[in-house]
Structures are given as structure tokens and as C-alpha cells.
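Report on the following structure.
Heads up: numbering here begins at 1 and tracks the sequence. Here the structure is a predicted model, which means the values were calculated and not measured.
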Amino acid sequence: MSDKWDFYFANVNDKISSLFVDLGIRETALDAQKPWLLWVWVYLNNPREDGLSQNPEAATLLEIEDVLTEIVGNATDGVLVGRITTDGHRGFYFYSATFVAFDEAVGKGLEQFPNYRFDSGTQHEPDWNQYLNLLYPSPKDWQRIKNRHVIEVLERHGDPLKKPRLVYHWAYFSNESSRDRFVAAINERGFAVTNQGIVDIPNHSQPLSLNFERVENVDWNSINEVTIELFELAESLEGDYDGWETSVEKDEL
């Protein structure tokens with residue numbers, strides 16, 4: 001387990017889901033010493049209408065997570081890699097050296113939470129499919145995570161996210177044809193190109209840079225809609241959309 005965790009929202013099996021994932025173990029995934037996927041589903045007592053958890057249960061769910069992390073680690077040398085809250089339950093996912101004693105340890109550990117129903121299971125999964133292809137964020141999910149990080153910085157500086165403001169964007173391309181087609185497409189969408197350059201990094205896979213801007217709303221829904229469209233457009237031209245920044249705008253007193 002690393003100290004680099006983050007969360008995001010996505011659709012899992014056509015249900016809105018909240019995923020909290022250990023991003024820091026990505027480089028060491030496929031650990032040959034931990035080929036077993038272990039999981040525990042804990043059913044929420046008071047889920048929201050959309051199946052996610054509510055604040056009154058948050059503290060207890062964190063206690064359950066702490067208990068599971070300890071007992072699974074002790075019983076199987078398992079490590080928690082992520083959790084998914086969806087459709088009225090929270091699933092905890094571990095990879096371990098063995099599945100022996102897992103169910104017994106989980107049953108004993110969760111005796112202290114008699115008001116919660118749970119299921120558990122195991123699967124031999126040396127390819128770490130659950131972590132790599134479900135828990136770990138996709139490129140679009142990564143863009144949404146980065147959007148949230150920028151929004152959180154704005155909010156910490158007192159920005160209520162109500163004012164439209166000039167937003168600066170970046171993208172990178174491997175060839176001029178792709179960049180030119182991207183420029184034509186964003187011009188039609190009202191963006192203004194501010195700079196076209198070359199990255200001064202040897203062997204950069206996308207050496208042609210592009211800076212562009214447009215007045216935007218930066219609330220969660222608005223900026224996600226804009227940036228995912230730009231992400232998909234750049235991707236269709238074998239380029240990389242690389243994010244945005246803007247100024248802090250506070251309400252006038």
C-alpha cells in the first residue's frame with residue numbers, strides 16, 4: 001500500500017460509482033507474490049437514491065475498512081488496492097499471497113459490526129485485472145481527476161466558481177498536420193490560439209505544443225464537458241490534451 005490514493009466517479013455496470021484507488025502501486029502491479037484477488041462487499045444500511053453512501057455511515061465504513069485492512073493483512077499478507085461504492089454496497093479489493101484463512105478472518109473481524117451484511121470471495125488473478133482495468137482510472141478518468149484538483153485549488157483560494165473567466169489550455173501533437181486540424185476544429189468552437197511551439201525535450205513523443213484559450217465556466221459539470229471534448233478531439237488526431245489553468249475569481253463585496 002502506498003500513500004498516493006485518489007478518488008473519482010465513474011459508471012460501473014451502468015451504475016454511478018465512487019472509486020477510491022491506490023494509484024501509487026501502479027508501477028509494481030502484477031506482483032507475482034500476490035496473485036490472489038480477495039474481495040469483501042459490505043452492504044450499506046442507508047444508501048442514497050443513486051446507491052452511493054451518505055455521511056451518517058461514513059465513520060462506520062471507515063472503521064470497517066481499517067478492520068478489514070488489518071485482518072486481511074495479518075491472515076493472508078493481502079494489501080488493499082481500492083474500493084468501489086456503488087448500487088448500495090462498498091466493495092473492498094485486496095491482492096494477496098494466499099486465500100487460505102481469508103473468509104474466516106473476514107467473518108471474525110466483521111462480528112463487531114453486526115448491523116452490516118457482507119459477502120466475500122476470492123479469485124486467482126495473477127494479471128491483476130481488477131486493479132488495472134476497473135479500479136485504476138482510464139485516461140478520461142484521469143482528466144476528471146485533474147479537473148477536480150484544479151477546482152479544489154480555486155475553492156481553497158475562496159473562488160465560488162460562479163464567474164465565467166478566461167481559461168488557458170494545452171495540447172501536444174506528433175506532427176503539424178494533426179495540430180493544424182486540431183486548430184481548425186477549436187477555432188470553430190470559439191477558442192483563440194495563443195502559441196504554437198516545439199517542446200525542448202529530446203525524443204519527446206509529442207513535440208509540437210499548442211496553447212489556446214476561451215472564456216469558460218469552471219464549475220464541475222461545465223469544465224468536465226469542455227475538457228473531455230478537447231481530450232477526445234486531441235485523441236482522435238493522435239494528440240494529447242494536457243489540461244488547463246485559470247485565475248481565481250472571488251465575489252465582489
Side-chain angles (χ1 to χ4, degrees), residues 2-31 37 52 81-86 91 93 95 125 127-154 167-186 189 191 193 196-197 199 201 203-214 216-246:
S2 80
D3 58 0
K4 186 180 178 182
W5 288 69
D6 213 328
F7 72 91
Y8 65 100
F9 294 93
N11 285 322
V12 177
N13 297 324
D14 297 322
K15 301 287 186 179
I16 183 65
S17 306
S18 172
L19 295 89
F20 187 55
V21 188
D22 187 348
L23 303 175
I25 63 168
R26 176 64 178 81
E27 297 303 320
T28 58
L30 301 175
D31 184 349
L37 171 67
L52 299 183
V81 298
R83 70 181 192 228
I84 303 177
T85 307
T86 184
Y93 298 91
Y95 282 94
E125 194 180 270
D127 62 359
W128 280 46
N129 179 69
Q130 180 78 9
Y131 175 77
L132 294 173
N133 296 316
L134 180 61
L135 289 167
Y136 196 80
S138 69
K140 286 184 185 178
D141 293 326
W142 265 113
Q143 183 58 56
R144 295 185 183 96
I145 289 171
K146 290 189 289 186
N147 290 346
R148 177 172 54 78
H149 289 170
V150 177
I151 287 173
E152 288 173 347
V153 170
L154 294 174
V167 176
Y168 309 94
H169 303 266
W170 292 267
Y172 296 89
F173 300 87
S174 60
N175 59 80
E176 291 187 1
S177 175
S178 293
R179 185 170 65 178
D180 289 346
R181 290 162 63 194
F182 185 87
V183 167
I186 63 172
R189 292 165 169 80
F191 291 93
V193 172
Q196 298 187 56
V199 177
I201 300 175
N203 302 317
H204 196 287
S205 62
Q206 306 277 14
L208 302 183
S209 64
L210 182 69
N211 303 82
F212 53 103
E213 62 187 29
R214 190 178 71 177
E216 314 277 9
N217 290 303
V218 297
D219 59 273
W220 173 251
N221 290 330
S222 297
I223 202 64
N224 276 327
E225 182 178 351
V226 170
T227 57
I228 295 303
E229 181 182 10
L230 291 170
F231 175 94
E232 292 175 341
L233 177 60
E235 185 179 49
S236 72
L237 296 170
E238 300 181 345
D240 289 330
Y241 173 70
D242 196 43
W244 59 282
E245 69 175 25
T246 191

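Nearest heavy atom pair, residue D141 against residue A10, reads OD1-CB, 4.2 Å. Summarising the geometry of K140 relative to I228, their closest heavy-atom pair is O-CD1, 4.0 Å, with the distance given to 0.1 Å. For T86 against S17, the heavy-atom pair with the smallest separation is OG1-OG, 2.9 Å. Closest approach of I186 and L233 over heavy atoms only: CG2-CD2, 4.0 Å. In terms of heavy atoms, V218 sits closest to L154 at CG2-CD1, 4.2 Å. Taking all atoms of both residues into account, the shortest heavy-atom contact from R214 to R189 is NH1-O, 2.7 Å.
Considering CD of E235 and CZ of F231, their distance stands at 4.5 Å, rounded to 0.5 Å. How far CD1 of I145 is from CG of L19: 9.0 Å, rounded to the nearest 0.5 Å. Taking CG from N147 and CD from E152, the interatomic distance works out to 11.0 Å, rounded to the nearest 0.5 Å. Taken from CZ in R181 to CZ in F173, the straight-line distance is 10.0 Å, to the nearest 0.5 Å. For the atom pair Y136 OH and I25 CD1, the distance stands at 10.0 Å (nearest 0.5 Å). Separating the CG atom in N224 from the CG atom in D219 is a distance of 9.0 Å, to the nearest 0.5 Å.
Side-chain contact of S18 with T85: a donor-acceptor pair under 3.5 Å is absent, judged by distance alone. In summary, the side chains of S177 and D180 do not present any donor paired with an acceptor at a separation below 3.5 Å, with no hydrogens or angles considered. Side-chain contact of E125 with Y95: a donor-acceptor pair under 3.5 Å is present, judged by distance alone. For the residue pair D242 / H169, no side-chain donor-acceptor distance below 3.5 Å is found, with atom types taken as modelled.
Remark: N13 CG is loosely packed, at most 12 non-hydrogen atoms of other residues, nucleotides or ligands lying under 6.0 Å away.
Looking at heavy atoms from C-beta onward, D31 lies in side-chain contact with W128 at the 4.5 angstrom threshold. You'll find the side chain of R26 reaches within 4.5 Å of the side chain of Y131, heavy atoms only. Residues I223 and N217 form no side-chain contact, since every pair of their non-hydrogen atoms from C-beta on lies 4.5 Å or further apart. L208 is listed as a side-chain neighbour of E176, based on a closest heavy-atom distance under 4.5 Å. Looking at heavy atoms from C-beta onward, V81 lies out of side-chain contact with Q130 at the 4.5 angstrom threshold. Side-chain contact check for E216 versus F191: some heavy-atom pair is nearer than 4.5 Å.
In this structure, the side chain of N175 engages the main chain of S178 through a donor-acceptor pair within 3.5 Å.
Taking the centre and axis of the six-membered ring of F7, the NZ or CZ atom of R148 falls inside the cone set by 45° and 6.0 Å.
Checked against the 6.0 Å centroid threshold, F20 and W5 count as a close aromatic pair.
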Can you list the steps and then say if L230 with F212 is a side chain to side chain contact (heavy atoms under 4.5 Å, CB included)? CA-CA 11 Å; L230 291 170; F212 53 103; 3.9 Å; yes
Do V21 and Y8 pass the side chain to side chain contact (heavy atoms under 4.5 Å, CB included) test, and can you show the C-alpha distance, the side-chain angles, and the key distance before you say yes or no? CA-CA 9 Å; V21 188; Y8 65 100; 4.1 Å; yes
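Using bins of under 30°, 30° to 60° and over 60° for the plane-to-plane angle, the ring pair H204/Y172 lands in the tilted bin.
S174 pairs by the side-chain contact (heavy atoms from CB on, under 4.5 Å) definition with Q206, not counting sequence neighbours.
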